[in-house]
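Letters go in sequence order (proteins before strands), and every chain restarts at 1.
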4 protein chains.
Amino acid sequence: MSADTTDGHGAGRRRRTRAEQQAETRARLIEAAAEVFASHGFEGASIDLITERAGYSRGAFYSNFSDKAELLLELSAVRMGDFARVLPDILAASDEDRIGEAARWLTDQPPHTEVLLLVELARLRDEHTDAQQLLARLTDSTLGFVDDVLDEADETLATPAAHDRLRLTRAILAAITGAQLLRHLGVEMDARTMELLLAGVLRSPVLTEETVS
Amino acid sequence: MSADTTDGHGAGRRRRTRAEQQAETRARLIEAAAEVFASHGFEGASIDLITERAGYSRGAFYSNFSDKAELLLELSAVRMGDFARVLPDILAASDEDRIGEAARWLTDQPPHTEVLLLVELARLRDEHTDAQQLLARLTDSTLGFVDDVLDEADETLATPAAHDRLRLTRAILAAITGAQLLRHLGVEMDARTMELLLAGVLRSPVLTEETVS
Amino acid sequence: MSADTTDGHGAGRRRRTRAEQQAETRARLIEAAAEVFASHGFEGASIDLITERAGYSRGAFYSNFSDKAELLLELSAVRMGDFARVLPDILAASDEDRIGEAARWLTDQPPHTEVLLLVELARLRDEHTDAQQLLARLTDSTLGFVDDVLDEADETLATPAAHDRLRLTRAILAAITGAQLLRHLGVEMDARTMELLLAGVLRSPVLTEETVS
Amino acid sequence: MSADTTDGHGAGRRRRTRAEQQAETRARLIEAAAEVFASHGFEGASIDLITERAGYSRGAFYSNFSDKAELLLELSAVRMGDFARVLPDILAASDEDRIGEAARWLTDQPPHTEVLLLVELARLRDEHTDAQQLLARLTDSTLGFVDDVLDEADETLATPAAHDRLRLTRAILAAITGAQLLRHLGVEMDARTMELLLAGVLRSPVLTEETVS
DNA sequence: CATGAATGAGCGTTCATTCAT
DNA sequence: CATGAATGAACGCTCATTCAT
């Protein structure tokens, strides 16, 4: 494809193609942006700071993104993809202790900043239709994930009646999100606390159970 | 010459004293700031926008606050006070359906932006010791409130063992906070969803109950 | 006008009249301005700083002066008067050592900031005709003072020919002014240096002496 | 496409490199700053005015200097360099009439604003250590220059005793500085006046001459 | 494609000034 | 007369963005 691979002068690490180079630039910028948006917020994050942290110059940014909003959108999309990619592993966790497993996973992860990204995204929505749509997609797909977990549920989990199903999904997401936010605010949230939270919601006493005929 | 003291019509609107005037200015600026901080974030909120919305000039702001950070701090403190003032009413809710009552209250309130304030406060904390302290006070006092509710609990609520008590408190706060955040993000959170959430956590099946002798 | 002076109830320190009060306010503001203008320059001096240092509020300033320029003008005029008032003492110095005496006087005075005032005045002149005029009056009157010293001169001083007379006056003023400025810049100027300077100019070897018939 | 390298006409104006461009921008900004600082003072000089006069936008300034103080420092340093570069010419002036020569040179120069720069520098010194140091270097190096002139002196100049040497140097600098300042204030200082001043100081009658064995 | 000098809008803040008290 | 809250112009500076190199 590129001229590099045609020269048979040994198997030495061939020079990267342009496309690869640029892909890496994008990736690094996105990674840097994740940190900076989380710590400074969207408005507070300067492009200089992002590019500096990524080891590039201001111009590199404008070669890859049209503006700051696009970067946030792209970053959010990437994060959504990452999350989706990890889900199967969690879903595959041993059945006997699904909740504890999930609680531990949610606790051990490095500081989650996704919540903060969502907050920024919500801020962009008034002036950016893209942001509005992406935000909706993000929340919907996350709710979908939770729904999938419920599907896999055996008798240890609730089997809510149809009218409560969506509500339950939302409640679970609220619990997870709230926990992440509190942790960001400095409140200690250990695995057991997470377990209390998840188990409680999944077995909420007020839940109308599905009537199995 | 002035009508204030000479008119004997009892409570006739006398001209405001300077202190009163200024208090109103402060209050209006704080109210305007609440909206603007919520919709634009701390960095994105310009003082011009805040003062305009409050109906004052830029300078009025600087007659009342030393800088933008102080305004956020003051606003957060005021909100904390407001919250504390409403608590007794909720605590006094009918015993039979304490949870449903709380769920409804949390749902019916006008859009809560306190979570967003907390996020902004968290951002200031690195450069502002005051923000750090205020944030800690806010989370602590809110946790304290939740704790109070548990104290009033009768048998309909959990009576957790000591080692779970604090965890339960945090879990409840996470649930409430998460729900507020999701609602802000556009996810519908109705009273029943809130009830699922609260009741679940308060009666978490994994909770080690206090052993009553 | 005020009731203070009409009541003959003993000779107790009577309350100051309004005019006296105001005169003191003016005087204190002017004194404070002298310091602040010297250390911060005209533009760098804020009215707040001046009034604070004088122990008054912002409003007191506007009750006494129409704007900042007027204060500088007034201050400069006052200083000119002060200077004129001290001159006789110097002129009266013993004849034998007039130069040494003057040198010592110029050295011992507290840090002179008059030069700095002149610089500020020069800056105002483009937009303020008053400043232009006052500046001219200040330099002229100071030159006049130097001229007076020359008049009193006996044989120990130069008796320049008419065409050098004005030049000599200017040269002396340049010497004094330059010395004051250098001292402000941190260069040490002791009494002997001043003497070298003054004596030199007054007995300049290139001076065309008046031909006495 | 571009004429730069393809035209073989030797010194044909090739397109400037970026470094050259920026150097010119810096130089023009510094030149403009010289005028504006002199006429408005440091505080009174707005960056807008400086950049406008230099024909650039506000931002060009911040691409080249970190802040206003740095510009003053840089300008002062440049001026010091310029001065040092002219000195040899003056020192090379004909021996017979060194003083007259110097007097004429000091008189004919375009309006000197160096004194004013020194005043501004003195103002910065409290908050800017750099300013303090630069000011000291400026006065020291100028004193050094004067000292060099004395070294070159033949019998037409004074050969002061050691203890008067430094004092003489300072006195001469005071004379020159004072003359420059008075001229700025509107007092006419012609070449003859300068000569009176310089010759006088250099042959001050109170000077203790070095004893030549 | 990446660089970084230059642009210019916009922001936080200061400050001279006004005016109701 | 003095006070100080409020005004609003101006300033120093930041930063998203452009574009010649």
Among E:dA16, E:dG12, F:dC13, find the nucleotide with the atom closest to the side chain of C:Ser46. E:dA16
Just by distance, do the side chain of A:Ser46 and the backbone of A:Leu49 share a donor-acceptor pair under 3.5 Å? yes
When you measure from every atom of DNA chain E, which of residues 124-133 of chain A have a heavy atom less than 4.0 Å away? none
Residue closer to the 5' end of DNA chain E, C:Ala45 versus A:Tyr56 (nearest nucleotide): A:Tyr56
Atom pair OG1/CZ of B:Thr113 and B:Arg79 - distance to nearest 0.5 Å: 5.0 Å
With the threshold set at under 4.0 Å for non-hydrogen atoms, list the residues of residues 57-64 of chain C touching DNA chain E in residue-number order. C:Arg58, C:Tyr62
Between D:Lys68 and D:Ile47, is there a donor-acceptor pair closer than 3.5 Å when you use the side chain of the first and the backbone of the second? no
Checking A:Tyr62 against A:Thr51 for the side chain to side chain contact (heavy atoms under 4.5 Å, CB included) test, could you report, in this order, the C-alpha distance in whole Å, the side-chain angles of both residues, the deciding distance, and whether it holds? CA-CA 10 Å; A:Tyr62 284 97; A:Thr51 52; over 6 Å; no
Can you work out whether D:Thr25 or C:Phe42 has the more 5'-proximal nearest nucleotide on DNA chain E? D:Thr25
Looking at F:dA5, I'd like to know if its phosphate oxygens (OP1 or OP2) sit under 4.0 Å from a side-chain N or O belonging to B:Gln21. no
Identify the stems formed by DNA chain E, where each pair is Watson-Crick or G-U wobble with both distances under 3.5 angstrom and a stem is at least 3 consecutive pairs. E:2-21 with F:2-21
Short question: side chain of A:Arg26, backbone of A:Ala23 - any donor-acceptor pair under 3.5 Å? no
Just do the side chain to side chain contact (heavy atoms under 4.5 Å, CB included) check on D:His40 and D:Ile50 with the steps written out, would you? CA-CA 11 Å; D:His40 296 250; D:Ile50 294 173; over 6 Å; no
